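Note that the structure is predicted; figures quoted are calculated from it, not measured. Each residue takes its place number in the sequence, starting with 1.
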Amino acid sequence: MLVAEKEQRKHEKERVLNECYPPLKLSSLSAQELQDLCKDLHSKIDVVDEARYDMEVKVVRNEKEIEALSHKIIELKGVKRPSLKRVKKTADDRLGAYTDSAKLKKADFKANLKTVKKEDDKREEVTDWRKNVEAMSGMEGRKKLFNSGQ
C-alpha cells in the first residue's frame with residue numbers, strides 16, 4: 001500500500017508539472033532562439049531567487065522578533081523559586097538516610113582502625129666535640145677510622 005501510494009504521488013506531481021509547465025521543444029529552434037530562451041529562463045530564475053531571498057529574510061526577522069518577545073515574556077513573568085529551609089542533620093541522621101535505621105546503631109568510625117606503637121628513636125649521647133676532635137687527630141685517629149671501617 002505504501003509503495004502504491006508513493007507511485008500515485010509521483011504520477012500526480014508529474015501531471016501537475018506538465019499542466020503548469022509544458023516540456024520545452026528544443027529540436028526545432030535555431031541557435032539564436034535557444035540563446036533568447038536561455039536568457040528568458042535566467043531572468044525568470046533571478047526573479048524567483050529574489051523572491052526566495054526576500055521571504056527568507058522576512059522569516060529570519062520574524063524568528064528573531066518572536067525570540068525577543070518570548071524572552072521579554074519570561075523576564076516579565078520572572079522565575080519563581082520556592083524558598084528553601086535549612087535543615088541541620090547530625091552524622092547519624094545522614095547515615096540513617098542511606099541505610100536502614102534498624103541496622104544502624106551508632107556510627108563508630110574508630111572501631112576498625114589499627115593500633116600503632118610508637119618507637120623511641122635511638123639517640124646518641126651528646127658529648128663534647130672537642131674531645132672527639134682531639135681523639136681523632138694525628139695518626140692514632142686515622143688508625144682508629146681504618147680499623148673501624150674493617
Exercise. Can you tell me how far CG of Leu41 sits from CG of Asp36, rounded to the nearest 0.5 angstrom?
Worked result: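 If I round to the nearest 0.5 Å, the distance is 11.0 Å.
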For this session: Just grab all the side chain to side chain donor-acceptor pair (under 3.5 Å) pairs involving residues 9-18, residues at least two apart or on different chains.
Result: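 For residues 9-18: Glu5-Arg9, Glu12-Arg15, Arg15-Glu19.
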For this session: Scan residues 41-54 for pairs that pass side chain to side chain donor-acceptor pair (under 3.5 Å), counting only residues two or more places apart or in two chains.
Result: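 Every side chain to side chain donor-acceptor pair (under 3.5 Å) pair that includes a residue of residues 41-54, provided the two are not neighbours, is Arg52-Glu56.
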Residues 69-76 side chain polar contacts: donor-acceptor under 3.5 Å, at least two apart:
| residue | atom | partner | partner atom | Å |
| --- | --- | --- | --- | --- |
| Ser70 | OG | Ile66 | O | 3.2 |
| Ser70 | OG | Glu67 | O | 2.8 |
| His71 | NE2 | Glu75 | OE2 | 2.9 |

Exercise. Hydrophobic clusters join Ile, Leu, Val, Met, Phe, Trp and Tyr when side-chain heavy atoms are under 4.5 Å apart, directly or via other members; which others share one with Leu17?
Worked result: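 Direct or chained contacts put Leu17 with Tyr21.
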Problem set entry | Transitive ILVMFWY cluster of Leu2, excluding itself - 4.5 Å side-chain cut-off |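 Members other than Leu2 - counting any ILVMFWY side chain reachable under 4.5 Å - there are none.
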Exercise. Leu29: what forms a side-chain contact (heavy atoms from CB on, under 4.5 Å) with it, not counting sequence neighbours?
Worked result: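 Only Leu26, Glu33, Leu34, Leu37 meet the side-chain contact (heavy atoms from CB on, under 4.5 Å) criterion with Leu29.
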